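As the structure is a prediction and not an experimental result, all values here were calculated from the model.
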Amino acid sequence: MKLDVEKLSSTSNTIYIADLGCAVGPNAFDAMQDVVHFIQQKYTLQCPQSNTTLQFLVLFNDQPSNDFNTLFTSLPRERPYYAAGVPGSFHRRLFPESSIHFVHCSYALHWLSKVPEELLDKNCGAWNKGRIHYTNAPNEVVQAYASQFAKDMEEFLCARAMEIVTGGMMTIIMPGLPNEMPYSQLAASLMYDFMASTFMDMANEGLVSEDEVDSFNLPIYTPSPAEMASVVEKNGHFSIEMLELTNPASLVDGPVDIKAWVIHVRAAMEGMFIKHFSTDIIDEMFDRLTKKLFMFTEQVESGYKDRTQLLVVLIRK
């Protein structure tokens, strides 16, 4: 890859790395270990005669509500970098101008900064009644999500363009949708559809109100490679070194472990549900969801899983 470590290290022997959306580890630590190793290898190849030893500072970023105590308590004692925490939304500036050499962002950018406002307007064609996502929704709903993603990405790229040095690299890993493929063919779409139908079943039983369901939407969007390329090119601050769909590391050839899948999804999303529904309702919904998914195991297994991870490598112009 076109990362010129010799040039980046010409003004300082300290390489600044930002991990955006770090959560609480340990995936973040594994990724940072790999990034540092990659940069060290590049430096050795480009500067074989150098007596300078590179130092690394990793800046772990996530929302202020993230459990940074857990993150730093579990930080590996033996590691090839110094570490610091930077709370804040990555849709805005986080670091000084031209201070970052490498940015890593894994499974974070599919979270929108907010739910598209049109989804809650009963007088708008994008009102998402009876659903909690754009899966199998009218085109107006899909377009509202796509528009919000494009706005978020523009803000994200503009902020990073101010922070990353010329020639610096940014890698993005996130869920991806093959070009021209309907979102409903992805395995995750079945999960979101069943969540919505489960909530509506509970509304029909009087456990929750329909208004509660209608006013809740998941702020998650999965772009295609073409969409991502379009927003990067429109922004203009980065050149695309790589943009392709790959297989997720979690892809397995055997049957889907539905219980483990639901536990993983709940861990990622429970914070949003708690703001909208009581704990009892959330417990009941996930219990029913698990049973429903087991009833439709064949559909779960047939969900398109191959090459649904988007890998993007950008270089700051």
Side-chain angles (χ1 to χ4, degrees), residues 1-109 111 156-157 159-174 238 241-242 246 249 309 311-316:
M1 292 188 186
K2 298 176 183 176
L3 183 67
D4 191 340
V5 180
E6 181 178 12
K7 182 178 178 181
L8 295 181
S9 62
S10 62
T11 56
S12 171
N13 68 335
T14 300
I15 300 295
Y16 292 84
I17 301 168
D19 184 28
L20 306 183
C22 63
V24 296
N27 292 342
F29 307 141
D30 292 339
M32 292 304 96
Q33 186 84 20
D34 291 342
V35 168
V36 169
H37 181 65
F38 161 69
I39 296 175
Q40 285 175 325
Q41 281 191 317
K42 291 283 287 187
Y43 186 68
T44 300
L45 287 172
Q46 292 181 340
C47 309
Q49 306 301 322
S50 175
N51 294 319
T52 301
T53 300
L54 291 183
Q55 300 183 99
F56 297 89
L57 174 61
V58 173
L59 301 161
F60 289 101
N61 156 262
D62 212 312
Q63 295 283 5
S65 57
N66 186 58
D67 189 352
F68 282 96
N69 284 335
T70 296
L71 174 75
F72 286 110
T73 299
S74 54
L75 194 66
R77 187 177 296 275
E78 298 296 327
R79 59 185 187 277
Y81 55 83
Y82 298 97
V86 181
S89 169
F90 54 47
H91 291 109
R92 295 187 290 274
R93 286 282 304 276
L94 293 165
F95 311 109
E97 187 173 343
S98 299
S99 62
I100 304 297
H101 300 98
F102 193 104
V103 170
H104 175 267
C105 185
S106 180
Y107 280 83
L109 272 173
W111 293 101
F156 176 85
L157 291 171
R160 302 296 81 76
M162 292 293 289
E163 299 163 350
I164 300 174
V165 301
T166 300
M169 179 176 283
M170 175 159 60
T171 61
I172 298 168
I173 303 169
M174 65 186 296
F238 295 88
E241 174 77 5
M242 181 183 296
T246 62
Q309 177 175 271
L311 172 62
V312 186
V313 180
L314 306 176
I315 298 290
R316 178 69 170 95

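Among residue pairs with one or both ends in residues 43-53, those qualifying as side chain to side chain donor-acceptor pair (under 3.5 Å) are Tyr43-Ser50; sequence neighbours excluded. Pairs engaging residues 70-88 under the salt bridge (charged side-chain N to carboxylate O under 4.0 Å, His left out) rule: none recorded [sequence neighbours left out].
When the side-chain hydrogen bond (donor to acceptor under 3.5 Å, both in side chains) test is applied to Asp19, the partners found at least two apart in sequence or on another chain are His104. In this structure, the salt bridge (charged side-chain N to carboxylate O under 4.0 Å, His left out) partners of Arg93, at least two apart in sequence or on a different chain, are Glu163. With sequence neighbours excluded, no residue forms a side-chain hydrogen bond (donor to acceptor under 3.5 Å, both in side chains) with Ser12. Remark: Asp30 engages no residue in a side-chain hydrogen bond (donor to acceptor under 3.5 Å, both in side chains) (not counting sequence neighbours).
Tyr107 has its side chain out of reach of Met174: every pair of non-hydrogen atoms, C-beta onward, lies at least 4.5 Å apart. Looking only at side-chain heavy atoms (C-beta outward), Ile39 and Phe102 come within less than 4.5 Å of each other. The closest side-chain heavy-atom distance from Ile164 to Leu314 is not below 4.5 Å.
Contact detail for Ile315 and Lys2: the closest heavy-atom pair is CD1-O, 3.6 Å. Nearest heavy atoms, Leu109 versus Phe90: CD2-CE1, 3.7 Å. Across His91 and Trp111, no two heavy atoms sit closer than the pair CE1-O, 4.1 Å. For the residue pair Ala83 and Leu75, the shortest heavy atom distance occurs at CB-CD2, 3.8 Å. Summarising the geometry of Ala28 relative to Cys22, their closest heavy-atom pair is CB-O, 3.7 Å, with the distance given to 0.1 Å. A pairwise comparison of heavy atoms in Pro87 and Leu94 identifies O-CD2, 4.3 Å as the closest pair.
Heavy-atom neighbours of Tyr82 OH from other residues, nucleotides or ligands within 6.0 Å: at or below the threshold of 12.
Arg92 places no side-chain N or O within 3.5 Å of a backbone atom of Ala159 that could act as its donor or acceptor partner. With Asn13 contributing its side chain and Gln55 its backbone, the two residues share no donor-acceptor pair below 3.5 Å.
Note: His101 and Tyr16 have parallel aromatic rings, judged against thresholds of 30 and 60 degrees for the angle between ring planes.
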### Task
Output, in order, the C-alpha distance, side-chain angles, deciding distance and verdict of side-chain contact (heavy atoms from CB on, under 4.5 Å) for Thr11 and Val165.
CA-CA 11 Å; Thr11 56; Val165 301; over 6 Å; no

### Message
side-chain contact (heavy atoms from CB on, under 4.5 Å) for Ile100 and Arg160? Distances and angles first, verdict last.
### Response
CA-CA 9 Å; Ile100 304 297; Arg160 302 296 81 76; over 6 Å; no

### Message
Between Val58 and Val35, does the side-chain contact (heavy atoms from CB on, under 4.5 Å) criterion hold? Intermediate values first, please.
### Response
CA-CA 10 Å; Val58 173; Val35 168; over 6 Å; no

### Message
Determine whether Leu54 and Gln40 satisfy the following criterion, side-chain contact (heavy atoms from CB on, under 4.5 Å), listing intermediate values before the conclusion.
### Response
CA-CA 8 Å; Leu54 291 183; Gln40 285 175 325; 5.5 Å; no

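The line from CD1 of Ile17 to CZ of Phe60 is 9.0 Å long, rounded to the nearest 0.5 Å.
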